Amino acid sequence: MAEQQDNLIPIYIMGKQYMVPSTLTIMKAMEWAGYKLIRGVGCRGGFCGACATVYRIMGDPKLYFGLACQTVVQPGMYLAQIPFFPAQRATYDITKLEPTATTLFSIYPEVLRCLGCGACSKACPQEIDVRAYMAAGMRGDIAAVADISFDCIMCGLCASRCPAEEAQYNIAILARRLYGRYLAPRSQHLQERLKEIRAGKFDAELEELKGLSKDELVARYKARDIEPK
Amino acid sequence: MSGYPPEMRESIRKVEATRARRIKETFPAMSLEERDAILQAFHPDYKEETFHALRVGVSKGQRMPIELGKIVEGWPHITPDFDLSEPFAETDVLVIGGGGGGASAALLAQENGAKVILVTKLRFGDANTMMAQGGIQAADRPEDSPAIHYLDVIGGGHFTNVPELVEALVMDAPFVIEWLEELGMMFDKEPDGTMIEAHGGGTSRKRMHSARDYSGAEIMRTLRDEVRDREDDITVIEFSPAVELVLDDNGQAAGAIVMNLETGVYSYIKAKAVVLATGGGGRLHYQGFPTTNHYGATADGVVIAYRAGARLGYLESMQYHPTGAAFPEQILGLLVTEKVRGLGGQPVNAEGEQFVYPLEPRDVEAAALIRECAPVEQGGHGKGVVTPTGQPGVWLDSPIIEMIKGPGTIKKALPAMVRQFGRFGIDITKEPMLVYPTLHYQNGGVRLKPDGSTDVPGLFIAGEVSGGVHGHNRLMGNSLLEITVFGRRSGRSAAAHSQRVKLGAPSLAHVAAWIKELDEAGVDTGVISPILLPDYTRHQ
């Protein structure tokens, strides 16, 4: 800690200056400054999208975007968190939809309003080409939307920057669910196994295993063959 | 440009020098006897002085980490005279917890005719489910069977698992996969629909289903989206953790007291059945370990279920994931998925040599990493790499994956890992990751029955908060399975219970009895629990 304190840098949390160690992430720096976080914090590992953050570096007019738990502070960083964004979300019954362009356009008509400006892609902390999947959406290519958007953590930064007021990440999850349910090829071996279980194929074996003593289980465990890599 | 300092790069060169040779080498797996010996000597669960035996309650004598014991034996947030006469809301089923277990329970309760309120501490989906990377097990290939899955689970758990719970886990597994497919989850598949399945630590068949390395995130966002589609029947209330269960005058679950995290206001939500799916307690940092867990993982469910009279079990056993990030400091303790080893990645020491079979069960693998780094005078091998901040670790050789499985494999199968390390200038397709065990999972918890019920009538349970499914060690890919299997079971059971129960007057008599018991036993840990969030603010 002593070593860190030698190297304090100024950051500005919603405009107020704090001196913090230069090695910390934005999230840890806020805690170091004394914030006990409730909003703008979640998994702390870059997966949940709770800590979307917008920042600027003093003297540089450009806006930068990142996750507070994954971004290291810089001197003169002016930051604000976007812990919540009021984006449009439609409700639907996934079992009653068809995986078509018409479905996408009727549930989210605003897809067609996309200007292709790319502000969303610039804001994405996952470096997803949001503009590209929105373009795929306008073409009705659901598989492409699903594939390109797959790493989305639904933080909302894209929506916050969109001049056409799209909620890209909600459109994307609809596309992924349509793809997963209707377009992805179904697994044949899974269906076979379900039939076998329903027919009681494994019941006797499970019954026997449950009744085994520890020693017998150990023997069976040791004797089991391991499928090669 | 390498994100590693020069002294670490020197060791990386040794890892590179041995790589071509190591591709052909298989380090032998340990026998059960060797496993026992290394666990005794190096696993954190065997450090007796770090444990506490409960002094009060129905599981008096249950051992658990000191940090957990302190909050389980804590004081309540509210007094027993809290006004229950005008509930803030009423419902059939109250689900506590907004992770995968809670979402599954809410969906099945709704499908079985119940109106549901789901309360969660942070946002809906801020949970360990979201962070699970590797995958979900299910024995659905012809070479595999639920019986083989059963043996793997019970052997990995040191033969202490509850047999009926393991049976439920392995027999429901293929149905859960189908359910997730139907909901629109995108599994990794071959063009003909065959699931791409891998090994995990302690599996004898390839049965790890994945969605790149966002497996848990893909499950969570799919379930969450479906819950939101059923908004007429399922109401989600965020930033409202439960701080106490409410029982009726016959001891049946009758809802919970929740706290608005932002305003500090406590309210009573009345329900005919309760599902507890609050997850584990990694943020209690047992023995000072860093954790892979999300911010809200503070063992709340264990605390409040215990006060309501539910027995606990298996809490003397915590899971330390073998491969937490040890460098850079900014991501210390974060999960490096077991899938890296499932794809062929090898743990190697500072000399570039293998020292353990890459896919031992997690507790054994973790103990082997700790031994490799421990100094020779403490019985270790002293062959770890030490970072500039003093953190030890061993290399997890990821570039070898592309030599085995072909170029481009890592980017396709491990995009989250590539991104995580890439943010700090480390390209894991070219350089290894430095790893060390990190606190990952609570093997034990509230005792569970196969239908999701507990000792308390009307209280159902799912996921990490429960104990018994995994015995004393969980295998990779069985927690995403557990939350869905038992989330579904508890949701179904809770709906059925809510339709037949006759609730009496709501009461906090159990809280009064708890305070009395603490007083009489002279137990005062000085803590009000559940603690809800860890405190990482700096105290000068």
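Sequence lines set the chain letters: A, B, ... in the order given, protein chains first and strands last, and positions in each chain run from 1. The figures here come from the full heavy-atom set of this structure, side chains too, leaving out hydrogens, waters and symmetry mates. Just so it is clear, the structure is predicted and the values come from calculations on it, not from any experiment.
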Toward chain B, the part of [X] with a non-hydrogen atom under 4.5 Å:
X: A:Y92; value: both
X: A:F150; value: both
X: A:L190; value: both
X: A:D215; value: neither
X: A:A146; value: both
X: A:L37; value: both

Quickly, which of A:T71, A:L67, A:V72 forms a side-chain contact (heavy atoms from CB on, under 4.5 Å) with B:R423? Name it, please.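 With B:R423 as partner, side-chain contact (heavy atoms from CB on, under 4.5 Å) holds for just one option, A:L67.
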
Just by modelled atom types, is the B:L151 backbone N or O under 3.5 Å from a matching donor or acceptor in the A:R224 side chain? no

Flag the pair [X] / [Y] as yes when at least one side-chain heavy-atom distance between them is below 4.5 Å, and no otherwise.
X: B:E178; Y: A:Q191; result: yes
X: B:Y214; Y: A:D151; result: yes
X: A:H189; Y: B:P142; result: yes
X: A:F202; Y: B:S145; result: yes
X: B:F159; Y: A:Y221; result: yes
X: A:F47; Y: B:Q133; result: yes
X: B:Y536; Y: A:M27; result: no
X: A:S187; Y: B:M195; result: yes

Please look at [X] and chain A and tell me whether the side chain, the backbone, both or neither of the residue comes under 4.5 angstrom of a heavy atom of that chain.
X: B:D213; value: backbone
X: B:Y150; value: side chain
X: B:R224; value: side chain
X: B:L261; value: both
X: B:L334; value: side chain
X: B:F424; value: side chain
X: B:K189; value: side chain
X: B:R221; value: both

Looking at [X] and [Y], does any basic side-chain N land under 4.0 Å from a carboxylate oxygen?
X: A:E196; Y: B:R141; answer: no
X: B:R205; Y: A:D225; answer: yes
X: A:R193; Y: B:D144; answer: no
X: B:D229; Y: A:R89; answer: yes
X: A:R176; Y: B:D225; answer: no
X: B:E182; Y: A:R181; answer: yes

Counting heavy-atom pairs under 4.5 Å with chain B, which one of [options] comes out on top?
options: A:R198, A:E127, A:E208, A:E192; result: A:R198
options: A:I94, A:T25, A:L217; result: A:L217
options: A:M154, A:K214, A:K210; result: A:K210
options: A:E31, A:E207, A:K28; result: A:E31
options: A:K201, A:R220, A:E205, A:R186; result: A:R186
options: A:A33, A:G45, A:A90; result: A:G45

To the nearest 0.5 Å, what is the distance between CD1 on A:I226 and NE2 on B:H199? 7.0 Å

Going from CD on B:E197 to CD on A:E227, what distance comes out if it is rounded to the nearest 0.5 angstrom? 9.0 Å

Quick one: of B:D140, B:T26, B:L32, who has the most non-hydrogen atom pairs under 4.5 Å with chain A?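 Most heavy-atom pairs within the cutoff with chain A belong to B:D140.
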
Should the pair B:R123 and A:F85 be classed as cation-pi, given the thresholds of under 6.0 Å to the six-membered ring centre and 45° from the axis?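 Cation-pi check for B:R123 and A:F85: fails.
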
Are side-chain N/O atoms of B:Q330 and A:Q70 paired as donor and acceptor at under 3.5 Å?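 There is no such pair (donor and acceptor under 3.5 Å, judged by atom type) between the side chains of B:Q330 and A:Q70.
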
